[in-house]
Amino acid sequence: MTEKLNHGYDAGDIQVLEGLEPVRKRPGMYIGTTDVKGLHHLVTEVVDNSIDEALAGYCTHIEVTVLPDGACRVRDNGRGIPTGIIPKEGKSAVEVVLTKLHAGGKFGSGGYKISGGLHGVGVSCVNALSEWLEVRVFQNGKIYKQVFNRGVPQRALQVVGDTDETGTEVTFFPDDEIFDSIVFQYDTMKLRLRELAYLNKGLKISLEDQREGQQRKEVFCYEGGIRHFVDQMNIGKDVVFPETLYIDETVGDDIVEIAIQYNTGYDEKIYTYANNINTEEGGMHLEGFKAALTKVLNDYGQSSKTLKENEKLSGDDVREGLTAVLSVKLPEPQFEGQTKTKLGNAEMRGVVSRVLQAKLGEYLEENPKIGKELISKAITAQRAREAARKARESFRKGVMEGTSLPGKLADCSDTDPMNCEIFLVEGDSAGGTAINGRDRQIQAILPLRGKILNVEKARLHRILDNEEIKSMIKAFGCGYKDDFDISKRRYDRIICMTDADVDGSHIRILLLTFFYRFMRPLVEEGHVYIALPPLYRVTLPNKEEHYYYSDVELKEFQDTYTGAKYDLQRYKGLGEMSNTQLYETTMNPETRTLLKVTVEDAEAADQIFSILMGENPELRRSFIEQNADLVKELDV
């Protein structure tokens, strides 16, 4: 029984949090987390306000800048936050929007018809969680300014100059009392801003980093919108449509945008959005899309006599090789699901379904050759799926239901997955070194012989027949694809440890692609890592050894070292190190360096592999020319 507290409980114990106090007291309730993800959520909240102005037709350019001192500035050329006094509050609308939760133009019908969020806590949360925030509004020929410290206004809104521009500029410095880190990551910001540019065709979004030694600038603007998004995802792949099919329809107050392309691969990619929010859990719009796609292709197959009378294609059959982006915009989105990323508006199922049926049906009637190619592709997929079903059954009985582990796995003695990690090591030689040098209590070793199969270019029954892939699935213990269960994993960390040469680079990319396609939750939840073995060993005259992990580190040593001659060794493979050296430099939790793989890393690896291993030599040459440093690092 829980022990009782030794004091009373009366009215004096009731705490009322005023203004923005709740946000500072419980930041996780408002922005999810206070780690790096939460930090970048602040930028998204401010940018979302500018996007709302763009959706309303008033903003054409958003500028996001990381300033030299580490602060972030977001400026748009919209109408600007209203500067007038709100009689009921006795304060300017700017101050109310920045200091009151659930205040803004997203409620009722007077502000924004379509908005990126309905909570109205965005910019006020940013204010509350910033050490300081400065807002400038360009409106009515005047420049208005107000400064806040940890959400508290330092003075009322003031006119500080004249202008012929319009818009809002918010500059803020995150509070280190709240966040684990207050260092903005350019690449993280770039991913979201580029995504927003795709979703809002014609909107110009620029990102600039002004920090010392990190200066760079990029501009994102896509007149083709999500059509360009789909084209980007299909770089390096053989596509079916001459041009990506693009649909843009308005149904009442709802806007439906769909971009569709097929490639000759076997994977399915569908990204869905509602009011610019990534609906990772899908929802009614996705249900409508899938149902319509299946119906249209079945109807076309029957009408064109490509399908036999009793033949019917499943949703899985018609979506093989599909790349699609579905973006809907609606006045009052309802979000459900564990992470509030599932669209619950039931009417959107019918809206999307009717739009896609009409437009895709029309496209196939006008392009019968493409229509028949899609049906033929789906029939092939159906037959392959039956072969895959048999392979899965055989795999389940022969591999998953067996109690024995792979013969070449050197397992660890600890049985608590949270304590354990497994190293995927390239080659039997390096595998033997790792086995002898490891901490047997918590470290397991699985040697991989040669390159694993490229899962992008193989059917499932071939993939499940590959010995290296079978060994990994059995060793990890958590299944794959639809049967994947992350709670059954036998290791908390899966670490790719390969040589720093051409084969090692390729194996690493193949492994990441396999994890991304077959065990994606492992990547999404941060269980996949890349080991960083040293590139160089320097032995000083006194036999003291130093290890360097990059050319830059070695050069720094060479530029500062003034002693006698030293011996320099460049490692070509893990097998060149002794057991002790490999453990101390690459495996010891106290001294090693690991790179955690993110979904973005896996997607990048997937795309790089599609280009470098694809069938298009011109595209491969162009990529190598444009990414000389990266390709040199990959030794391609």
Side-chain angles (χ1 to χ4, degrees), residues 20 23-24 27 30-54 59 61-78 80-81 94 97-99 104 116-117 121-138 143-154 165 167-197 200 203-220 276 600:
L20 297 178
V23 184
R24 291 188 62 80
Y30 297 88
I31 60 166
T33 66
T34 55
D35 57 12
V36 172
K37 187 175 180 180
L39 174 73
H40 291 88
H41 192 75
L42 298 186
V43 182
T44 302
E45 291 288 0
V46 182
V47 170
D48 280 349
N49 281 357
S50 300
I51 293 287
D52 290 340
E53 279 289 284
C59 171
H61 187 194
I62 302 170
E63 300 171 85
V64 181
T65 308
V66 183
L67 300 172
D69 63 356
C72 180
R73 181 176 68 209
V74 178
R75 179 168 178 170
D76 66 54
N77 65 347
I81 302 172
V94 173
V97 165
L98 281 157
T99 58
V121 298
V123 77
S124 57
C125 274
V126 177
N127 192 18
L129 301 177
S130 297
E131 184 179 321
W132 57 264
L133 180 146
E134 176 185 298
V135 60
R136 295 203 302 165
V137 179
F138 307 84
I143 302 174
Y144 299 83
K145 176 182 172 181
Q146 191 167 12
V147 177
F148 303 81
N149 286 352
R150 294 191 167 94
V152 178
Q154 300 305 292
E165 298 178 351
T168 302
E169 179 186 281
V170 175
T171 307
F172 64 95
F173 192 88
D175 193 345
D176 61 6
E177 293 180 2
I178 301 290
F179 294 98
D180 303 337
S181 167
I182 57 171
V183 179
F184 290 110
Q185 296 176 1
Y186 183 93
D187 289 335
T188 301
M189 298 167 76
K190 172 182 172 178
L191 284 170
R192 176 56 179 160
L193 295 178
R194 184 174 60 189
E195 184 179 58
L196 286 169
N200 298 275
L203 175 63
K204 182 180 177 183
I205 303 178
S206 59
L207 172 62
E208 182 177 7
D209 194 339
Q210 296 181 350
R211 290 172 293 190
E212 184 68 33
Q214 302 179 53
Q215 292 93 338
R216 52 179 160 164
K217 182 176 181 178
E218 291 178 81
V219 178
F220 310 108
N276 293 319
E600 291 80 13

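Treat the numbers as computed from the prediction; the structure is a model and nothing was measured.
The shortest side-chain heavy-atom distance between Cys72 and Val64 falls under the 4.5 Å cut-off. Counting only heavy atoms from C-beta outward, the side chains of Lys217 and Asp209 never approach each other to under 4.5 Å. Looking at heavy atoms from C-beta onward, Phe184 lies in side-chain contact with Arg211 at the 4.5 angstrom threshold. A 4.5 Å side-chain heavy-atom check between Tyr144 and Val135 finds every atom pair outside the cut-off. Under the 4.5 Å side-chain criterion, counting only non-hydrogen atoms from C-beta, Val137 is not in contact with Ile143.
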So Leu203 and Ile62, side chain to side chain contact (heavy atoms under 4.5 Å, CB included) or not? Walk me through it.
CA-CA 8 Å; Leu203 175 63; Ile62 302 170; 4.0 Å; yes

Would you sort out whether Phe220 and Lys204 count as a side chain to side chain contact (heavy atoms under 4.5 Å, CB included), showing the intermediate values?
CA-CA 6 Å; Phe220 310 108; Lys204 182 180 177 183; over 6 Å; no

Does the side chain to side chain contact (heavy atoms under 4.5 Å, CB included) test come out yes or no for Val97 and Ser124, once each step is laid out?
CA-CA 6 Å; Val97 165; Ser124 57; over 6 Å; no

Between Tyr186 and Val66, does the side chain to side chain contact (heavy atoms under 4.5 Å, CB included) criterion hold? Intermediate values first, please.
CA-CA 8 Å; Tyr186 183 93; Val66 183; 5.7 Å; no

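One finds the SG atom of Cys59 at 8.5 Å from the CD1 atom of Ile205 (value rounded to the nearest 0.5 Å). To the nearest 0.5 Å, atom CZ of residue Phe148 and atom OG1 of residue Thr99 are 6.5 Å apart. Here the straight-line distance linking atom CD of Gln210 with atom OG1 of Thr65 works out to 5.5 Å at 0.5 Å rounding. Separation of atoms CG (Leu196) and CG (Leu191) is listed at 11.0 Å; rounding is to 0.5 Å. To the nearest 0.5 Å, atom OG of residue Ser50 and atom CD of residue Glu63 are 10.0 Å apart. Taken to the nearest 0.5 Å, the CD1 atom of Ile178 stands 11.0 Å off from the CD atom of Glu131.
We find that Lys190 and Glu218 are joined by a salt bridge, their nearest charged nitrogen and carboxylate oxygen being less than 4.0 Å apart. Arg136 has no carboxylate O lying under 4.0 Å from a charged side-chain N of Asp76, or vice versa, which leaves the two without a salt bridge. The residues Glu169 and Lys145 are annotated as not salt-bridged, no charged nitrogen and carboxylate oxygen being separated by less than 4.0 angstrom.
Glu208 contributes no side-chain N or O that, together with a main-chain N or O of Ser206, makes up a donor-acceptor pair within less than 3.5 Å. Checked by atom type and distance alone, the side chain of Thr168 pairs as donor or acceptor with a backbone atom of Ile81 at under 3.5 Å. Judged by distance alone, the side chain of Gln215 and the main-chain N or O of Gly213 form a donor-acceptor pair under 3.5 Å. Of the possible donor and acceptor atoms, one in the side chain of Asn127 sits under 3.5 Å from a partner among the backbone N and O of Leu98.
Across Leu129 and Phe179, no two heavy atoms sit closer than the pair O-CE1, 3.5 Å. The minimum heavy-atom distance between Pro153 and Gln146, with the atom names listed, is CB-NE2, 3.6 Å.
Both tests pass for Arg75 against the ring of Phe138: distance under 6.0 Å to the centre and angle within 45° of the axis.
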What side-chain donor-acceptor pairs closer than 3.5 Å can you find for residues 31-41, not counting sequence neighbours?
from  : atom 1 : to     : atom 2 : distance (Å)
Thr33 : OG1    : Asp35  : OD1    : 2.5
Thr33 : OG1    : Gly38  : N      : 3.3
Asp35 : OD1    : Lys37  : N      : 3.0
Asp35 : OD1    : Gly38  : N      : 3.3
His40 : ND1    : Val36  : O      : 2.8
His40 : NE2    : Gln185 : N      : 2.8
His41 : NE2    : Glu45  : OE2    : 2.8

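The aromatic rings of Trp132 and Phe173 lie parallel to each other, with less than 30° between the two planes, well short of the 60° mark.
A donor-acceptor pair shorter than 3.5 Å can be found between the side chains of Asn200 and Asn276.
Judged as a salt bridge (charged side-chain N to carboxylate O under 4.0 Å, His left out), and not counting sequence neighbours, the contacts of Asp175 are Arg24, Arg150.
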